[in-house]
Structures are given as C-alpha cells and as structure tokens.
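Within every chain, numbering begins at 1; the chains are lettered A, B, ... in the order of the sequence lines, protein sequences first and strands thereafter.
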2 protein chains.
Amino acid sequence: MKDLTPGGDASAEGIARQLTEAVHEHRVLPGMKLSEDEVGEVFGVSRTIVRQALRSMAHEGLVTIERNRGAFVSKPSVKEAREVFEARALLEPQTARAAAERATAEDVALLEDHIEREHAALAAGEAGRALKLSGLFHVEIARVADQQTIEAFIQQLISRSSLVIALYWQRRNALCESHAHHALLDAFRDNNPDQAEELMKGHLVDLLSQLNLRDVPDEARSLRDALLG
Amino acid sequence: MKDLTPGGDASAEGIARQLTEAVHEHRVLPGMKLSEDEVGEVFGVSRTIVRQALRSMAHEGLVTIERNRGAFVSKPSVKEAREVFEARALLEPQTARAAAERATAEDVALLEDHIEREHAALAAGEAGRALKLSGLFHVEIARVADQQTIEAFIQQLISRSSLVIALYWQRRNALCESHAHHALLDAFRDNNPDQAEELMKGHLVDLLSQLNLRDVPDEARSLRDALLG
DNA sequence: TAGGCTAAGATTGTATACGATCCAACATCG
DNA sequence: CGATGTTGGATCGTATACAATCTTAGCCTA
C-alpha cells in the first residue's frame, strides 16, 4: 500500500506531524485509541515507523502509552490543565516582549497572513482548522523572538492546550481570540514590548477563564449520567 | 547476555536514564558517539530497545541523531547555550517562589539531604557525581513546587546545562554553587518566596557568568591547538 | 606523492516474525 | 439467572533478518 496522504511524507516525523495536526484540529479527540496497525495502514508504513511516531508524541504529552494496551490521545487532568496554562504564563509574555523588540516587517506580514487564514477558516466553518492556526500563532511568536528552545516548549504547551480545550472548553463566547491576536499584531508592528507582554498576559488569562476546570473530566460524569439516566 | 548493570533495569527508559546520568556526571562527553550495537552490548539488550532510548534522549536534546550516521551526545552551540539559560531564567525563579510557598518540613529535609550528598561527593573527589546532584537540586525544587509540567521542562534544561557546562565551563572558582544552594534552602525553610525568587535569579546569573560563551565551541579550537602545538 | 576511485566492512533504517499480554465472548457451574 | 472460569482473537513488545547507506582502506593513475 502506497502513501495515501498527499499532505506529508511517510517518515516517523511526518506521521507524528500529521497526527498532531489532526489533534490540533480536534478531528482526533482525547481518549481516542491510536492502534499501531490502524495508523500504519492509513499511512502505508509498518508498525516500526508508527511506534516511533507514537513514542515521539507521547514524549510531548499528546498521547499516553499504556503497556500492552496501546497508545491513546491524552486526557489531561484538571491539574495538568492548570499546569499547562501556568507554564504558558511564565513563558509566553516574556517571549511576546522579545518578539516585539525584534519583529521585522516580514515577521509582521507573516503573522498578519496567519491571522487572515485563521479568519478565513472560521468564515468557512472550519472551526478545527481555525483553532489549529490560532495555536500556531503563539508558536510563530516564539519563532519571531528567535528562541528555539522556548519555541519547542511553547509548541508542546500549545499541543496540550488543544487537548485541554477539547475537554474543558465551554461553548459560549467563542470568538474573542482573533481580537486579542490582532491587538498583539499591532504591538509587534509598533515594536512595543511593554504592550505585547501585557496583551499576552491578558490573553492567557482570558483563555484560562473560558475553561471550566471545576467539573470532573468527562469520564466520571458520563458514568454518573449513565447511572442517573 | 544478561544485564550487566546493577543500577537499573534494561528497559528503554532504564537505559535512557542511565545514559543520561552518565552525561550528567560528565562520564560521557559532548560529541561522543553512541553506537547502537555498543550500547546494546553494554546493557544486554537488542538494538530495538537502544533505539527507543536514544530517540527519547534526542527528544530531550541530549543526543543528536544524524540519519544513517548514528547518535552522538549533543554539542550545544553558543546560541543554544544562551537559550537554555534564558529559558531557565524564565522558569526557575517563579518555581523557586512557588516552592518556598509550599515547602514542608519533609521537603526541606529532603533538599538538605541532597545538599549533604553533594558535599560528600565533592569531598570524595567525585566531581561528576557532585555536578549531577547539583543539577538534580533544581529539579527537586520544581517537584516541591508541585509543578510536574514545569518540572519536566526544567529537567530537560538541566540536562542540556550539563552539556553546556562540559563545553563552556571555565575552571576557576568551582565551588560557589553549594553556597547558593544553601541559601536557597534557608529561604525554603523560612517559607520566604521573595527571597527564594531573588536567590534563584542571582544563582542563574552566577552560573551563566561562569561560562565562556565567546570562544568557538571546542572543535575549531582543538584543531587550532593541533596546528599550533 | 597526492588525489581520486572502488570495493569491502561496518552501521543504521525498516520490515517482519514470534512470543507475551490483554480483552471479550462464550460456556459452565452454583 | 448471575457469576466465574476459559478460550480465541486481537494487539502490543522484542528480537532478528535484510536492505540501504556511509566510512575507510587500498589501489590506481597522473
């Protein structure tokens, strides 16, 4: 069987990237099983490669591997969800500041294009794709700041945030993000570090406030519902 | 061939842990090749397991895998060295603050024991072991702060700091660290977050100042030495 | 003698085979 | 009828075999 996937190659990294993208777009949800045979069949590679990809994703916290049971898309606990946003609060504001100090016209144009595509996806009803682009915006900021080490951390945190959003997001007020991103873009364009840092800090608080981290994480609730219903 | 290693099991994680420890103790140095066959023979496992371990370490930045060439202990560039300490500067002071807020008597006792073992190793002339424990102290602080996500990041940064130290450390004034760790311990014992944060900030600045990040990274220099000698 | 080419050896990349473990359906017994 | 034990299938864990690639030593040529 040959490569069915036009979007990427069949290396371990390529498969990990495509699976990660699917998680970011919420096409693959927390708790879903990623069978080695099944993934291998989809991408036309042997289990050897799939295992490499899955272990790589496990290292990022995106999947959880249970011995002799297989790989599942991770379901972050409430505590883990909080930790992810606490880590982001430590890393991202300073990174936004550094990005605002260094941002060139090209950087701003690239970020602007990013926001535009995010809007286009939203307009086209592709909510998942918009969500993915929204996360990628944060990674791009780290790239502009020229901080590869921190960029890798933020990329991981964005991935895990996708899982958190899938589990704990409450529907109401869905589209305040693009506004925040636009404001950040302005700060970058003006090379205004103070404003960029503050905006990012506020943006992260906003994101966190839109999560419902009080309820039980979906599994126990479904059990209770089953017992009560 | 059976397990030759009394200190740990022969799983991929166990081998990665033991290799990582060897790097922390500077028994394995940057640039050294980690041949799959050789590592497998030492630990008595097949290449399958070794490959898992090496890829895991590659993900942490500890080893670099070059396709069809093999795995080598990473040699961080000057830029990467700076980035590692910049990331630590973002994460560790706040983490020390949180640890100081939460530290219990048991936590303090455990950290104290840690410092004591560091001193003992230094007194016994086991500089590598002391260095490893010195790094682990920082990881333990994140554990006390009850921040597993950040702890994982710090662990990675500590590992990479070991590589940076191996490459860029300048010998003079070798033992100011234990003093800084003692001061931090006092701040934890007193539950003094402000002091802990400031001490950690200063400690990281001290560490960075003891590195020589201006020279070329060892390879060109050894070539030059060879030509001049 | 220096430079480049070739071939053999060594090392990694990938697929596959086999054993171990888990899970679910079914049968059996109380 | 319900609970428990058993058996078959499915899935994962590990080792090994083979192919692809790189390295190096030796040889040839200018």
Quiz item: Quick one: do the A/Glu60 and B/His59 side chains pair a donor with an acceptor below 3.5 Å?
Solution: yes
Roughly, in whole Å, what's the span from [atom1] in [X] to [atom2] in [N]?
X       : N      : atom1 : atom2 : result
B/Ile15 : D/dT14 : CD1   : C1'   : 12 Å
B/Ile65 : C/dT14 : CD1   : P     : 11 Å
B/Leu54 : C/dT11 : CG    : P     : 14 Å
B/Glu41 : D/dA15 : CD    : P     : 14 Å
B/Phe72 : C/dT12 : CZ    : C1'   : 11 Å
A/Glu66 : D/dC12 : CD    : C1'   : 12 Å
B/Arg51 : D/dT16 : CZ    : C1'   : 14 Å
A/Arg67 : D/dC12 : CZ    : P     : 13 Å

Quiz item: Should the pair B/His114 and B/Phe137 be assigned to parallel (<30°), tilted (30 to 60°) or perpendicular (>60°) ring geometry?
Solution: perpendicular
Is the distance from OP1 or OP2 of [N] to the nearest side-chain N or O of [X] less than 4.0 Å?
X       : N      : answer
A/Thr48 : C/dT14 : no
B/Lys33 : D/dC22 : no
A/Arg69 : D/dA10 : no

Practice problem: Check whether the side chain of B/Arg47 and the base of C/dG13 form a donor-acceptor pair under 3.5 Å. | Solution: yes
Exercise. Check whether any side-chain heavy atom of A/Val63 lies under 4.5 Å from a side-chain heavy atom of A/Val23, and answer yes or no.
Key: no
Self-check item: Listed nucleotide nearest any side-chain atom of A/Glu36, set C/dA15, D/dC12, C/dT12
Solution: D/dC12
Quiz item: What is the minimum heavy-atom distance between B/Gln210 and B/Trp169, and which atoms define it?
Solution: OE1-CH2, 2.8 Å
